[in-house]
Structure formats: structure tokens, C-alpha cells
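Read through the structure below, which is laid out as C-alpha cells, and then see the notes.
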Amino acid sequence: MAQETNILAIESSCDETAAAIVSDGTRIRANIIASQVAVHRRFGGVVPEIASRHHMENIVPVVTEALATAGLAFGDVDAVAVTYGPGLVGALLVGLSYAKSLAYALGKPLIGVHHLLGHIYAGFLAYPDLPLPAVCLVVSGGHTNLVYLEDHTTRRILGSTRDDAAGEAFDKVARVLGLPYPGGPELEKLAREGDPRAIPFPRAWLEENSLDFSFSGLKSAVINYLHHARQVGQEVNRADVAASFQAAVVEVLVTKTLLAATSYRAGSILLAGGVAANSVLRRELRSAGEQAGLPVFFPPRELCTDNAAMIGCAAYYQYLRRDFAPLSLNAIPDLPLN
Amino acid sequence: MLVLGVDSATRVAAAAIGDDKQLVAELFFNTRKNHSQRLLPMIAALLAETGVELADLDGLAVSLGPGSFTGLRIGLATVKGLAQAAGKPLVGIPTLDALAWNAWGVPGLICPVIQARRLEVYTALFRWQEGELCRLTPYQAVDPASLVSLLESYTAPVYFLGDGVAPYREVWQQLGARAHFLPPPNNLSRAAAVAILGEERLRTGRPDDLSRLKPLYLRPAPAERQTR
Ligand SMILES: [Zn+2]
């Protein structure tokens with residue numbers, strides 16, 4: 001049997017310090033995450049300087065634990081992969097500076113990975129033979145993108161949000177509904193008890209056939225609705241608000257994803273990013289895909305939010321084509337995908 | 001004892017190799033370029049050029065701060081990676097100690113000043129006593145006028161150095177003839193000092209905990225200040 005390729009991957013682009021070891025792009029040997037959710041909760045969002053400080057203290061322990069969990073030593077590592085953008089620059093720099101040093105000290109190649117591509121490759125961890133070309137909907141607190149994936153080297157962005165990311169809209173609406181941080185999952189829970197057709201919140205379709213998104217108008221509509229209800233002393237059914245808001249977001253996401261998949265003749269649809277954990281989005285996208293005769297793939301929930309295993313998987317395909325980075329690799333907060 | 005010293009606390013990016021208190025090699029740039037792009041290639045070049053392998057080192061030392069938060073993290077994350085992968089001990093050296101060392105043997109108070117945001121400087125007072133560099137006050141961020149008031153309570157001459165000298169020169173000069181300045185190169189922190197002070201620490205004390213070692217920020221993160 002041929003020797004396995006072990007990639008040590010590191011991710012620190014936002015508020016999770018993560019390290020993973022992935023063999024041959026599919027076998028997760030370790031996937032360790034030091035979450036800072038509890039730290040940022042009292043601020044109602046991620047504070048960049050605080051995130052960077054915590055990465056500094058978490059980075060060595062997560063890598064040590066990843067090696068121990070995998071039962072491997074540094075000598076077994078074939079390459080070091082790291083997220084170098086997009087993300088919070090101070091946060092990225094901790095993982096990047098550390099990963100570069102490891103690669104140099106071990107005499108192994110360094111692989112710089114785009115964070116968004118990492119989210120997409122969470123799908124390939126679970127489904128290595130996912131049919132290509134694929135259209136991927138990447139939805140998280142930081143991104144809302146439709147990506148066309150022709151093969152493992154060629155991809156392009158078909159559409160992006162023009163304002164808030166979908167996950168950001170979830171978090172902000174959750175906050176005005178008085179839900180605890182991080183609000184997305186809490187909002188989904190509340191929405192289960194509500195009627196998604198109760199309030200006709202607007203859907204931002206933008207120009208005809210546009211694959212871009214906009215969620216700030218919807219967010220404002222929810223705030224106005226609550227504000228108006230308060231002014232006239234009308235009681236608000238928060239569950240109905242949550243369900244109606246969620247339905248508006250999901251309808252736009254699903255419709256545009258299907259439009260992209262059919263107009264680009266994709267062989268499959270892949271859902272990725274933190275919001276890909278949302279059950280309503282999963283259900284609606286799957287049924288829309290079925291109607292169009294397109295298979296829809298979701299990564300397992302634990303691989304949807306930020307983690308390093310997805311970085312290790314994306315890095316494996318870069319490793320195969322020797323797409324290595326120099327030791328001068330810098331963090332790029334607004335790194336483009338292409 | 002072969003020690004690699006690294007400093008990226010301020011505008012300066014530097015790396016040096018010290019051996020038994022002698023400077024073997026030093027690379028030093030006081031040019032505004034991203035430390036993240038430059039620091040590790042510099043270290044790699046320094047080692048390659050001197051023929052020293054990471055495995056040959058007895059330990060590593062890093063300039064721990066105060067300074068630019070991002071610069072400090074780049075330096076510390078870089079040496080943590082090197083020390084962990086090479087299995088070498090690491091010590092953090094306060095940046096103000098390394099800077100004070102540039103005023104080797106002066107007869108009086110040494111007052112390193114590093115520019116901090118919000119019109120303050122990071123500082124501490126030092127003095128040479130029987131060949132030892134002794135720190136007299138805590139590391140702190142302070143506005144230059146208050147620092148001068150503090151210095152007025154002493155009688156000894158004061159030697160200012162650091163990147164906070166030039167921007168506040170008029171304030172320091174309020175001490176009149178007691179204010180002394182060092183030649184321009186001494187105002188910049190040197191990795192050589194970090195390496196040599198690091199060797200001292202490695203000889204006499206225990207290395208720092210690789211996992212827990214964090215920069216000497218001297219200031220809370222912005223949001224923490226607001227909520228407290
Ligand atoms: Zn993400």
C-alpha cells in the first residue's frame with residue numbers, strides 16, 4: 001500500500017483556533033477546535049483583538065492535541081497547511097506565522113489555503129467523488145457566495161452578497177429578537193414554533209438573473225416591523241418573526257442556487273459554511289434539487305462551522321499539484337478566490 | 001550556548017544568533033515592510049548564512065513586548081513554531097529590557113521609551129548596578145508629561161532611548177541638563193540584545209511555557225476596557 005499523505009492544517013481566521021490532521025484528503029485523523037464563543041458572547045460579536053490574543057494562547061495546545069489524537073509525531077507530517085485569508089488579519093497572522101515556522105522547521109512544504117475553499121472542501125471530506133462541475137453555496141457569518149467549481153483547480157465566484165452575509169443577518173435579527181449570541185442556531189430553534197407565512201418580509205432578488213445577494217433590506221424590514229408593533233402597542237409573536245425571516249432568507253438562497261446550477265449545467269449542488277447547518281435551508285435546497293434532478297450534498301454539521309480538517313482537505317488537492325507557498329506568505333484579509 | 005534572538009515588537013524586524021555572550025550574526029531592518037512577510041525568511045537566511053541548524057541551538061529568545069500588538073504576535077507565533085518543531089526551550093525577553101541594554105554601562109537612569117498609541121509611551125526605568133541591569137519601576141504605558149514629572153523626583157542624569165525619543169524630544173528636554181540622548185542606532189531595539197539576555201535567562205532561570213507564553217501587552221484589548 002502506498003504511503004499516506006498526512007497534512008497538518010491550521011485555521012485561525014476568526015474566533016476558532018483549530019488544528020487538524022487529514023490523510024489523503026479524506027481521512028480525518030484529528031480535528032481539534034478551541035472555540036472562543038464563550039469569550040465573545042458578552043460583546044455580542046467577535047472582537048478582533050481579543051480573538052487574536054486567544055489564538056496566541058491556543059495555537060500550541062491545539063496542534064499538540066491534534067498530533068496526540070492522530071497518534072503521529074511531527075516527523076510523520078508531509079505538509080503544513082494554513083488559512084491565509086480572507087478573515088480578521090490579526091487573527092490570521094497568528095496561525096499563519098506559526099504554521100510557516102512549523103513548515104520551515106520540519107523542512108516540509110507550506111500550503112496556503114483560501115478560507116472559503118476550505119468550507120467548500122468540507123464537502124469533499126465527506127464525498128470525495130462528488131460530481132463536478134458543482135455549484136456551491138457558501139453561507140456563513142462572514143460569507144454568502146455562489147461558487148462554480150469546474151474541477152479541483154478551476155473555480156469562480158458567480159455571486160456574492162452586496163451587504164450583510166446571510167449568517168450575519170441571522171445573528172443581527174436574533175439580537176433584535178433578544179436571543180443570546182451566537183444567534184443563528186437560536187433563531188432556527190425559535191422559528192420551529194412559528195409560522196413562516198405569518199409576515200411577508202421582502203425578498204431581495206436584485207436585477208433579473210442576478211446571482212448576487214442582499215440581506216440588509218430584509219434585516220431592516222424586521223427591525224421596522226418590531227419597532228412599529230411596539231409603537232402601536234401590538235403584541236409580537238417572536239416565533240412567527242423568526243420563521244418568516246428565515247423563510248425569506250432561505251427562499252432567496254435556494255432559488256438563486258438552483259438558477260446558478262441549471263444555467264451552468266452543474267452536476268451537483270454543494271452547501272457549505274456555518275449556515276449550512278440550518279435544517280430548513282438543507283431541507284428546502286434538497287427538495288429543490290430533487291425537482292431539478294440535481295443531487296445536493298451537505299457536509300456533516302460539525303464540518304460546516306470553522307475547522308481545520310476542511311483546510312487540510314483543500315490543501316491535499318493543492319499538494320497533489322505542488323501548489324506550495326513561500327515563507328514570505330502574508331495574511332490577506334480580503335483574499336479573492338481566483 | 002547558542003541562542004537565536006528574534007524581535008518584531010516595533011518597526012524593526014531583527015534576528016540574531018548569540019554564542020556565549022558573543023554576537024555571531026544579526027540581520028536588522030528598520031524599514032516599514034510587513035513583518036509577517038519578512039521575519040521568517042530573515043531567520044531562514046540568518047541560519048543558512050551562518051550554517052547554524054535549528055537543531056544546533058540551545059534555545060530561542062523573543063522580544064515579548066510592549067510594542068505593536070500585531071508585531072508581537074507575529075514574533076511570538078514564529079518562535080513558538082520553531083521552538084515546538086525543533087524541541088527547543090524558549091524564553092520571552094521584555095522589549096524594554098532589551099532596549100535598555102543599548103545604554104550599556106551609562107552612569108544614571110535609563111529610560112527606554114517605545115511609542116504607544118493614544119499619545120503615550122511604554123516605559124520602565126533601569127539602572128546598571130554592579131554590572132547588572134536592574135529595573136526600578138514596573139513596565140507601563142504613560143503619557144510623556146507624567147513620565148517627566150516622575151523623572152523630576154530623581155536627581156540622577158536620565159538617558160532616553162527608543163522610538164519614543166524623537167516624537168517627544170521637547171518633553172524630555174524639560175529635564176534640562178539631566179536629559180541625555182544616545183546615538184541614533186541605539187534608539188532601535190536589537191535582536192542581539194534579545195539573544196544575549198535570552199542566553200542569560202536560559203542559563204539561570206527556567207524556560208517559559210511554550211503553550212502559555214503570551215506577549216506583554218500592558219493594555220487590555222479595546223472592548224475589554226469598555227465593559228470593565
Ligand atoms: Zn468560515
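Protein chains get the first letters and strands the later ones, always in sequence-line order, with residue 1 at the start of each. What you see below is based on every heavy atom in this structure, not just the backbone, and it leaves out hydrogens, waters and symmetry mates.
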After noting the C-alpha distance and the side-chain angles of B/Ile74 and A/Tyr98, does the key distance pass the side chain to side chain contact (heavy atoms under 4.5 Å, CB included) rule?
-> CA-CA 8 Å; B/Ile74 291 170; A/Tyr98 172 80; over 6 Å; no
Do A/Ser97 and B/Leu40 pass the side chain to side chain contact (heavy atoms under 4.5 Å, CB included) test, and can you show the C-alpha distance, the side-chain angles, and the key distance before you say yes or no?
-> CA-CA 8 Å; A/Ser97 303; B/Leu40 185 61; over 6 Å; no
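Between the side chain of B/Lys80 and the backbone N or O of A/Met56, at least one donor-acceptor pair lies under 3.5 Å. Panel note: side chain A/Ser101, backbone B/Gly81; no donor-acceptor pair is recorded below 3.5 Å.
Of the two parts of B/Thr70, only the side chain, counted from C-beta on, holds a non-hydrogen atom closer than 4.5 Å to a non-hydrogen atom of chain A. For a residue to count as touching a neighbouring chain, one of its non-hydrogen atoms must lie under 4.5 Å from one of that chain's; by this rule B/Leu54 touches chain A with the side chain only. Contact annotation for A/Ala99: neither backbone nor side-chain heavy atoms come within less than 4.5 Å of a heavy atom of chain B. Residue B/Leu72: no heavy atom, backbone or side chain, is found under 4.5 Å from chain A.
Residue-environment remark: CZ (B/Arg135) exceeds the threshold of 12 foreign heavy atoms within 6.0 Å. Heavy atoms from other residues, nucleotides or ligands lying under 6.0 Å from CD of B/Glu49 number 12 at most. Atom CZ of B/Arg206 is surrounded by 12 or fewer heavy atoms from other residues, nucleotides or ligands within 6.0 Å.
Interface remark: of the candidates A/Pro61, A/Ala103, A/Pro48, A/Pro61 forms the most heavy-atom pairs closer than 4.5 Å to chain B.
Here the CG-CG distance, from B/Asn34 to A/Leu93, works out to 7.0 Å after rounding to the nearest 0.5 Å. Separating the CZ atom in B/Phe69 from the CZ atom in A/Arg53 is a distance of 4.5 Å, to the nearest 0.5 Å.
By the side-chain hydrogen bond (donor to acceptor under 3.5 Å, both in side chains) test, A/Thr64 pairs with B/Gln84, sequence neighbours left out.
The two residues A/Asn330 and B/Ser36 come nearest to each other via the heavy atoms OD1-OG, 2.6 Å. Considering every non-hydrogen atom in both B/Ala85 and A/Leu102, the closest pair reads CB-CD2, 3.7 Å. Taking each heavy atom of A/Val94 and B/Ala77 in turn, the nearest pair found is O-CB, 3.5 Å.
The pair A/Glu49-B/Arg73 counts as a salt bridge, with a side-chain nitrogen and a carboxylate oxygen less than 4.0 angstrom apart.
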